[in-house]
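Each ligand, and each atom within it, is numbered from 1 in the order the structure gives.
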Amino acid sequence: MTDLAVQHAFANDFGLVTAEQTAERLVMRTQGGDACAYVAMKGTENRFLGLAFEVEDATALEQALKLDGARDLGLLDLPGGGRAVALSDPDGNEVLLVHGSHRLPVGEAYTELQLNTPFRKERLGRQQYERDIGPARLWRLGHAGLFVKNFAASAAWYGENLGLIGSDVYHVPGVPQVQIVGFMRLNRGDEFTDHHTLALMQDERGGCHHISFEAQDFEAQQCTHKFLRQKDHEPIWGVGRHPHGSHVFDVWRSPDRARFETFSDTDLLRASDGTRVHDISTVMMDNWSNDGPERYFA
Ligand SMILES: [Fe+2]
């Protein structure tokens with residue numbers, strides 16, 4: 001990354017917390033207990049390096065070392081530490097598998113929203129509004145979206161090596177056998193997981209399209225949206241709601257020309273909940289507006 005200071009200022013406004021800042025490296029975390037959620041290295045260009053997944057136990061790292069091209073990185077020189085094995089995906093992105101990182105105390109949440117509807121009154125004798133207009137309180141890195149050169153090859157690689165399964169997958173208009181976009185989730189058996197942990201979008205540009213952090217709820221996202229506008233950051237899309245995955249989203253341009261997103265209220269699926277396949281020309285991406293995704297993909 002060419003300018004760590006500018007990226008740092010944006011990340012702070014967005015809601016990430018500084019874990020480490022040197023001339024060579026910026027490490028940010030959320031308030032959800034991770035010691036490290038985002039790393040930027042000083043460099044001569046703005047380029048995506050890779051992403052990391054936490055694995056269940058040390059045995060998973062040993063198994064990963066048997067995969068093609070796996071490299072044992074040993075103990076990580078990052079806040080939280082842990083041991084890592086590095087893989088390379090079909091586009092050459094580094095994919096770290098990490099185990100044994102230390103976690104931090106969790107930050108303070110907002111008082112949960114209580115909603116009064118025509119049918120059920122929950123909030124009695126209390127006035128609700130108490131949220132601050134400011135950086136988001138972010139709880140975890142929930143998913144990443146990658147531009148990939150070949151969707152079929154990348155989806156197969158993440159499926160075979162990490163066990164990811166499609167939640168909603170999209171094919172070119174009228175040609176079901178040519179899939180180009182997919183929201184992929186973890187396979188945790190009967191355990192419910194986010195609708196997607198990785199989104200793969202076929203696009204020659206490659207690299208990272210966006211990273212997405214979980215906010216407490218839509219109210220928190222709206223407050224942070226207002227704050228980021230006051231700070232003259234560049235909005236891309238939202239606050240809106242995706243029909244697939246159901247989550248409320250808000251996407252902003254980061255100074256390195258990538259995108260940072262907050263999300264809340266995502267669908268949760270089990271492995272047995274299957275994969276839906278769609279013709280991409282039939283899909284609206286925002287339930288709450290008629291905005292197309294032009295700026296999102298620009
Ligand atoms: Fe997203």
Side-chain angles (χ1 to χ4, degrees), residues 10-11 14-16 28 30 32 34 37-38 48 50-53 89 91 93 95 136-148 151 154-155 158 162 164-170 179-186 192-203 205-218 220-222 224-225 228 233-254 256-269 275-276 278 280 283-289 291-298:
F10 169 80
F14 193 77
L16 293 175
M28 308 294 288
T30 71
D34 53 73
Y38 174 81
F48 176 60
L51 66 167
F53 294 85
D89 77 6
D91 286 344
N93 301 311
V95 178
R137 297 184 189 181
L138 300 171
W139 299 97
R140 66 187 171 106
L141 175 60
H143 64 265
L146 303 184
F147 279 147
V148 294
F151 173 79
S154 291
Y158 281 98
L162 274 68
L164 298 191
I165 49 183
S167 295
D168 284 288
V169 176
Y170 309 84
Q179 297 178 341
I180 51 172
V181 173
F183 291 110
M184 319 281 290
R185 69 182 181 277
L186 302 179
F192 285 99
T193 72
D194 288 3
H195 171 269
H196 58 281
T197 294
L198 190 67
L200 301 174
M201 297 163 273
Q202 186 162 301
D203 190 301
R205 287 171 286 181
C208 184
H209 176 268
H210 73 279
I211 52 176
S212 188
F213 298 91
E214 187 171 30
Q216 184 165 335
D217 52 35
F218 70 91
Q221 290 176 278
Q222 291 283 5
T224 297
H225 185 97
L228 292 170
H233 294 298
E234 180 185 342
I236 291 180
W237 203 13
V239 179
R241 190 186 276 275
H242 288 310
H244 295 166
S246 300
H247 51 294
V248 179
F249 65 88
D250 189 26
V251 186
W252 292 78
R253 181 77 68 185
S254 48
D256 64 347
R257 306 306 292 165
R259 303 158 192 82
F260 279 43
E261 174 185 54
T262 62
F263 78 94
S264 67
D265 194 22
T266 184
D267 288 336
L268 298 171
L269 303 174
T275 302
R276 303 190 303 182
H278 315 268
I280 201 163
V283 175
M284 271 296 297
M285 288 184 63
D286 180 7
N287 279 343
W288 291 346
S289 79
D291 282 355
E294 293 78 14
R295 276 179 298 143
Y296 188 55
F297 291 119

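When all heavy atoms of Ser167 and Leu269 are compared, the pair lying nearest together is OG-CD1, 3.7 Å.
Distances from the Fe ion (ligand 1) under 2.8 Å pick out these protein N/O/S atoms: His143 NE2, His210 NE2, Glu261 OE1.
For the atom pair CG (Asp217) and CD (Gln222), the distance works out to 10.5 Å, reported to the nearest 0.5 Å.
Looking only at atom types and distance, the side chain of Asp286 has a donor-acceptor partner in the side chain of Ser289 under 3.5 Å away. For the residue pair Thr30/Arg140, the side-chain donor-acceptor check at 3.5 Å is not satisfied.
A distance of 6.0 Å or more separates the ring centres of His143 and Phe183.
Screening Glu214, Gln221, His247 for a side chain to side chain donor-acceptor pair (under 3.5 Å) with Ser264, the sole residue that qualifies is Gln221.
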